[in-house]
Amino acid sequence: MHTNEELAELIFPEITETVEDLEKRYPPRDLPDGAEVTRFAPSPTGFLHTGSLFTALIAYKIAKQSNGVYFFRLEDTDQKREISGSGKELVEQLEAFGITQNEGYFGDTEKGNYGPYVQSKRSKIYKICIKDLIKRGLAYPCFCTAKDLDDLRMTQNANRVVPGYYGEYAKCRHLTIDEAYERIVNGMSYVIRFKSRGNHNNYVRVHDEIRGDLNLSENDQDIVILKSDGLPTYHFAHLCDDHFMHTTVITRGEEWISSLPIHVDLFNTMGFELPKYAHLPVIMKNEDGKRRKLSKRKDPEAAVSFFLKEGYPIEGIIKYLMTIANSNFEEWLMKNPKTDINEFQMTFGKMSLDGALFDLPKLKNICKEVLSYYTKDEITEKAEAYAKKYSPELLKMIEFDKDYFKEIMNIEREQEKPRKDYEKYSDIIDHIKFFYNDKYDEMFAAQPLPFNEFIDRGEIKAILEEFHDNLDYSVDKQEWFNSLKELGVKHGFAPNFKTYKKNKEAYKGHVGDVAEMVRITLTTSKRSPDLYSILHILPKEEIDRRFAKTIDIL
RNA sequence: GGCCUCAUGGAGAAGCGGUUUAACUCAUAUCCCUCUCAAGGAUACAUUCGCGGGUCCGAAUCCCGCUGAGGUCACCA
């Protein structure tokens, strides 16, 4: 007759430490009152997902604003799905968004007293806990094969009973210790299951920081806690890791709500204090009138790298995510458009319960706002950083003459109501390329200049010549514009749109038409920022050249 | 299918039993301003809070039922 003790020794002969040893090794953290310990714990299965960034952002904020600790843990227990190198990538992308840690996994290194922070390196810790459970008769080896489990599921479905490995259906649970012992000695493959003492008909009340009290059916499933590869499942890793790392608030997606009873069961039987839980809404996408989770495969915007590549400002993305996270954030943002968002206090109570639809127009609007508030130096610096990584073309423009670029970026910037031209850094090129001679020449050659076809070419030519001959760079904007009006009037154009509208027959057009001629000459386009600014930024010789070139073809 | 969660306009949402004629932001539309654009300003956009009952003098707000959407039922997390 073997005992549970002997069974535990047979399975884990190399494990000599106990749960008490672990408690000593990972003592409670010394933190101020109210400090929360949070974590972001992704699997290294690919690049940073927009939803993951959202989750990480919330965990980070909750810890920061309470003077607590935010750390990064790598959940690499599924070696089949692992994509090598993605763990490091995840850390780096988060860092790009300002979500930095002072403890945890850093890609190449680890820091902190509660490590290791990579689950595959914590194997011993899980085994210590499982050995303890086996000794206490609360976990057992299960020899069922995938086929056994499939068959079980099928008969359960056919009989309309709750599927799963529990109670009478948990075959291996009813094996005697000797039987189990013998099978292991004989080299049979097995997993370790948790022996649940719960009853499906009882309810447990679990508090969720966002949703309030949840009433859930007790767990009675004998879930797998150690896979045959020797690594734990998520549930068991969550139990051990968050307990010994002293996480105070578990922030995770709402898809975990249904496994909450398992976690409660696990924490209770290990005698560990249950952490607080906050089940976050999942970011959705609308497709043909149906809501669904943002999908990494189908939606480019599901990967955070998409936004980075497009050149959306990081600050804008974070602010957008914050508006989804807390309904009162936007109001705060409007009052404090330039304040560091770390000043904003995030609360679980202001979090919505159902998943928000990802709204690109809203993101764009926020990004526009963010970019418009940057000084010329700030936007130049950030645009350069973006260009270095993603846009050689833009980089060339910036490096050609940085001061020149700054002056261009400064058009109607650094004022009360700045221009809002750009939603992302990649928009810059198209808006300003006419400032660069080679681009100008390209555009000049590409299509006929869009001069108003109702105005005689000779007239345009005469006006342009006269405008150019009398160009005075020393006058202020108002005076300059007056002279433009006078020039128009002289040629039969109304001084303003109103006058023209009242009596269209009396005029060939209005100042706008005259300005348009100059604009096309200088930019090849009917649309551009302020003309006066352009005249003062473009080098004088270049202005002369453009006039000559344009007049020449008229 | 069982269980769980959620449900206010095109989107994010405020509201939590009585000055709510349902705040605010984005989007959209129209108008104004204007040298074009980007802005800015003004106005419009839910007779009604998924539907049906009930409680109450009074309900988006409380209760019940239904419906819809999402999640979950793995040796994936």
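- For A:Glu378, the CD atom sits in a packed shell: over 12 heavy atoms of surrounding residues, nucleotides or ligands are nearer than 6.0 Å.
- The residue A:Val224 sits close only to the backbone: its heavy atoms come under 4.0 Å of sugar-phosphate atoms, none of a base.
- Annotation: B:A23 and B:G15 have their P atoms spaced 14 Å apart (nearest Å).
- Within 4.0 Å (heavy atoms only), A:Phe358 reaches no atom of the nucleic acid at all.
- Checked against the 6.0 Å centroid threshold, A:Tyr117 and A:Tyr105 do not count as a close aromatic pair.
- Heavy atoms of A:Lys498 sit under 4.0 angstrom from primed sugar atoms or phosphate atoms, though from no base atom.
- Looking at heavy-atom distances under 4.0 Å, A:Lys350 makes contact with sugar-phosphate atoms alone, never a base.
- A:Arg211 comes within contact range of the sugar-phosphate backbone alone, with a heavy-atom separation under 4.0 Å but no base atom that close.
- The C1' atoms of B:C37 and B:U43 are separated by 23 Å, rounded to the nearest whole Å.
- Within the nucleic acid shown, A:Ser217 has no heavy atom closer than 4.0 Å to any nucleic acid atom.
- Under the salt bridge (Lys or Arg N to Asp or Glu O under 4.0 Å) criterion, A:Lys424 pairs with A:Asp427, sequence neighbours left out.
- The C1' atoms of B:A11 and B:G17 are separated by 29 Å, rounded to the nearest whole Å.
- Spacing of C1' atoms, B:G58 relative to B:C51, comes out at 22 Å, to the nearest Å.
- Within the nucleic acid shown, A:Ser372 has no heavy atom closer than 4.0 Å to any nucleic acid atom.
- For CE of A:Met188, the number of neighbouring non-hydrogen atoms (other residues, nucleotides, ligands) closer than 6.0 Å is greater than 12.
- Mapping heavy-atom proximity under 4.0 Å, the span of RNA chain B touched by chain A runs 5' to 3' from B:C4 to B:A77.
- Among the atoms of the strands shown, only primed sugar atoms or phosphate atoms (P, OP1, OP2) are found under 4.0 Å from some heavy atom of A:Arg193.
- Comparing A:Phe143 and A:Glu255 against RNA chain B, the residue whose closest nucleotide sits nearer the 5' end is A:Glu255.
- As judged by a 4.0 angstrom heavy-atom cut-off over every strand, A:Lys485 is placed among residues making no nucleic acid contact.
- Comparing the same atom, C1', in B:C24 and in B:C66 gives a spacing of 33 Å after rounding to whole Å.
- Listed by chain and residue number, A:Asp213 satisfy the salt bridge (Lys or Arg N to Asp or Glu O under 4.0 Å) test with A:Arg205 (two or more places apart in sequence, or in another chain).
- In terms of the salt bridge (Lys or Arg N to Asp or Glu O under 4.0 Å) criterion, residue partners of A:Arg173 (sequence neighbours excluded) are, by chain and number, A:Asp222.
- The same atom, P, is picked in B:C45 and in B:U30; the two are 16 Å apart, to the nearest Å.
- Evaluation of the salt bridge (Lys or Arg N to Asp or Glu O under 4.0 Å) rule for A:Glu466 yields A:Lys490 as partners, not counting sequence neighbours.
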Next on the checklist: What verdict does the ring pair (Phe, Tyr, Trp, His ring centres under 6.0 Å) test give for A:Tyr320 and A:Phe54, after you've listed the backbone C-alpha separation in whole Å, the side-chain angles of each residue and the deciding distance to 0.1 Å?
Outcome noted: CA-CA 10 Å; A:Tyr320 172 64; A:Phe54 179 71; 9.3 Å; no
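- Spacing between B:U19 and B:U28 at atom P, rounded to whole Å, works out to 34 Å.
- Taking atom P in both B:G9 and B:U5, one finds a spacing of 22 Å when rounded to whole Å.
- The residue A:Glu330 sits close to a base: some heavy atom pair falls under 4.0 Å.
- Contacts of A:Lys364 with the nucleic acid, taken as non-hydrogen atoms under 4.0 Å apart, are absent.
- In summary, A:Lys80 and A:Glu82 do not engage in a salt bridge, as defined by a charged side-chain N under 4.0 Å from a carboxylate O.
- We find that A:Glu330 and A:Lys319 are not joined by a salt bridge, their nearest charged nitrogen and carboxylate oxygen being 4.0 Å or further apart.
- Using a 4.0 Å heavy-atom cutoff across all strands shown, A:Ser327 reaches sugar-phosphate atoms only and no base atom.
- Looking at heavy-atom distances under 4.0 Å, A:Ser525 makes no contact with the nucleic acid at all.
- Heavy atoms of A:Lys417 sit under 4.0 angstrom from primed sugar atoms or phosphate atoms, though from no base atom.
- Using modelled atom types and a 3.5 Å distance limit, the side chains of A:Ser528 and A:Arg519 yield a donor-acceptor pair.
- When base pairs are accepted only as Watson-Crick or G-U wobble with both N-N or N-O distances under 3.5 Å, RNA chain B takes part in stems of 3 or more pairs at B:1-7 with B:67-73, B:10-12 with B:24-26, B:28-32 with B:40-44, B:50-54 with B:62-66.
- For the pair A:Arg153 and A:Asn496, nearest-nucleotide mapping onto RNA chain B gives the more 5' position to A:Asn496.
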